[in-house]
Amino acid sequence: MTEYEKCMAGEYYDCHSPEFIEGKARASNWCTKYNAIPYAQRSVRRKMLEELFGAIGTNVSVGDGFTCGFGVNIYVGSNVSINMNCTLIDCNRITIGSNVLIAPCVHITTATHPVELEDRLTPNWSPDTGEYFWRTYALPVTIEDNCWIGANVVILPGVTIGAGTVIGAGSVVTKDIPANVVAVGNPCRVIREINRKDNI
């Protein structure tokens, strides 16, 4: 397997292999250019999003101060608003459904490391190997249709947020959240269900 294939499979991978360094550099340059475009030039921004993202639907807005890891692993549906100063670390796939609101300063990350130090350190590492000295793996994140993610929310690797759910501001989402609920806190927990109307 290539390092990229290992990454997408959720296995340990060398995040400093050339393909990742090149991808990060490309995304960094893209973010610099994107964030320099005046907000009113929406058609220019749209074209740039189409060039970088894995897929993008119609009526998608990504605000100022946007940062991503690679961009190519971000898949967005239609009628999506990603507000200012959001960060999407898409080492693995980030899927955002349709009719989704993402408030300012939301962080979504797919990359992570083992908790135990002896597992986190790369075995037999030395500066000459060229490898990264921390073991890294990445897990996909999915936000299903009709969700609202509040300001300053952090969504951790491997999480799925069910359709129609609202995540309260400042929450840290560490585990899957079911559909049609309000969930808040650190760690994020369900506090009530949302009663859907028949005509929605």
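Because the structure is predicted, anything quoted here is derived from the model rather than measured.
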Please report the C-alpha distance between Ile194 and Val166 in whole Å, then the side-chain angles of each, then the deciding distance to 0.1 Å, and finally whether the side chain to side chain contact (heavy atoms under 4.5 Å, CB included) criterion is met.
CA-CA 9 Å; Ile194 297 173; Val166 175; 4.0 Å; yes
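- Summarising the local packing, CD of Glu193 is surrounded by 12 or fewer heavy atoms from other residues, nucleotides or ligands at distances under 6.0 Å.
- For the side-chain contact (heavy atoms from CB on, under 4.5 Å) with Ile82, the qualifying choice from Val100, Ile96, Val106 is Ile96, the only one to do so.
- A donor-acceptor distance shorter than 3.5 angstrom exists from the side chain of Ser171 to the backbone of Gly185, with no hydrogens or angles considered.
- Note that the OH atom of Tyr137 and the SG atom of Cys7 stand 12.5 Å from one another [nearest 0.5 Å].
- Looking only at side-chain heavy atoms (C-beta outward), Asn79 and Ser98 stay at 4.5 Å or farther from each other.
- Linking Ile, Leu, Val, Met, Phe, Trp and Tyr residues whenever their side-chain heavy atoms come within less than 4.5 Å places Val159 and Val181 in a single cluster.
- Taking CD1 of Ile155 as the start and OG1 of Thr110 as the end, the distance is 12.0 Å to the nearest 0.5 Å.
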Apply the test side chain to side chain contact (heavy atoms under 4.5 Å, CB included) to residues Ile56 and Tyr75: give CA-CA distance (whole Å), side-chain angles for both, the deciding distance (0.1 Å), then the verdict.
CA-CA 6 Å; Ile56 183 171; Tyr75 293 76; over 6 Å; no
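- In this structure, the side chains of Cys15 and Thr136 come closer than 4.5 Å at one or more pairs of heavy atoms.
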Intermediate values then yes/no, side chain to side chain donor-acceptor pair (under 3.5 Å), Asp145 and Asn99:
CA-CA 6 Å; Asp145 295 345; Asn99 307 316; 5.9 Å; no
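- Taking all atoms of both residues into account, the shortest heavy-atom contact from Ala151 to Ala103 is N-CB, 3.3 Å.
- For Trp148, the CH2 atom sits in a loose shell: 12 or fewer heavy atoms of surrounding residues, nucleotides or ligands are nearer than 6.0 Å.
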Could you walk me through whether Thr58 and Ser78 satisfy the side chain to side chain donor-acceptor pair (under 3.5 Å) test, starting with their C-alpha distance in whole Å, then the side-chain angles of each, then the deciding distance to 0.1 Å, before giving a yes or no?
CA-CA 5 Å; Thr58 58; Ser78 296; 3.3 Å; yes
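- Although no hydrogens or angles enter the test, the distance criterion places a donor-acceptor pair under 3.5 Å between the side chain of Trp30 and the main chain of Met48.
- A chain of hydrophobic side-chain contacts below 4.5 Å, direct or via other Ile, Leu, Val, Met, Phe, Trp or Tyr residues, connects Ile94 to Phe66.
- A heavy-atom distance below 4.5 Å is found between the side chains of Pro178 and Val190.
- With rounding to the nearest 0.5 angstrom, the SG atom of Cys188 is 9.0 Å from the CG atom of Asn186.
- Note that Arg45 lies outside the cation-pi zone of Tyr39, set by a 6.0 Å cut-off to the ring centre and a 45° limit from the axis.
- Grouping the Ile, Leu, Val, Met, Phe, Trp and Tyr side chains by contacts below 4.5 angstrom, directly or via other members, places Ile191 apart from Val172.
- A salt bridge links Arg46 with Glu50: the distance from a Lys NZ or Arg NE/NH1/NH2 to an Asp or Glu carboxylate oxygen falls below 4.0 Å.
- When all heavy atoms are compared, the tightest approach of Ala111 to Cys91 is CB-SG, 3.7 Å.
- A side-chain contact (heavy atoms from CB on, under 4.5 Å) with Ile108 is found for one member of Ile143, Ile149, Thr87, Leu156 and no other, namely Ile143.
- Between Gly63 and Asn35, the closest heavy-atom pair is O-OD1, 4.2 Å.
- Atom CZ in Arg120 sits 9.5 Å away from atom OG1 in Thr112 (nearest 0.5 Å).
- Between atom CG of residue Asn146 and atom CG of residue Leu101 there is a gap of 10.0 Å, rounded to the nearest 0.5 Å.
- A salt bridge between Lys6 and Glu3 is present, with a side-chain N of the basic residue lying under 4.0 Å from a carboxylate O of the acidic one.
- Using a 4.5 Å heavy-atom threshold, the side chains of Pro157 and Thr109 count as touching.
- Ion pair Arg135/Asp14 not flagged as a salt bridge, since none of the NZ, NE, NH1 or NH2 atoms sits closer than 4.0 Å to an Asp/Glu carboxylate oxygen.
- When all heavy atoms are compared, the tightest approach of Ile102 to Cys86 is CG2-SG, 4.0 Å.
- Thr160 places a side-chain heavy atom less than 4.5 Å from the side chain of Glu144.
- In this structure, the side chains of Val141 and Leu88 stay at 4.5 Å or more apart for every pair of heavy atoms.
- Side-chain contact between Ile74 and Cys68: present, with at least one pair of heavy atoms (C-beta onward) separated by less than 4.5 Å.
- Contact check for Val173 versus Val154: no side-chain heavy atoms found under the 4.5 Å cut-off.
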Working for side chain to side chain contact (heavy atoms under 4.5 Å, CB included), residues Asp90 and Phe53
CA-CA 10 Å; Asp90 59 311; Phe53 283 8; over 6 Å; no
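- Other members of the cluster containing Val72 are Tyr4, Met8, Tyr13, Phe20, Phe70, with ILVMFWY side chains joined at under 4.5 Å, either directly or via other members.
- Taken to the nearest 0.5 Å, the CD atom of Glu5 stands 10.0 Å off from the CD atom of Glu11.
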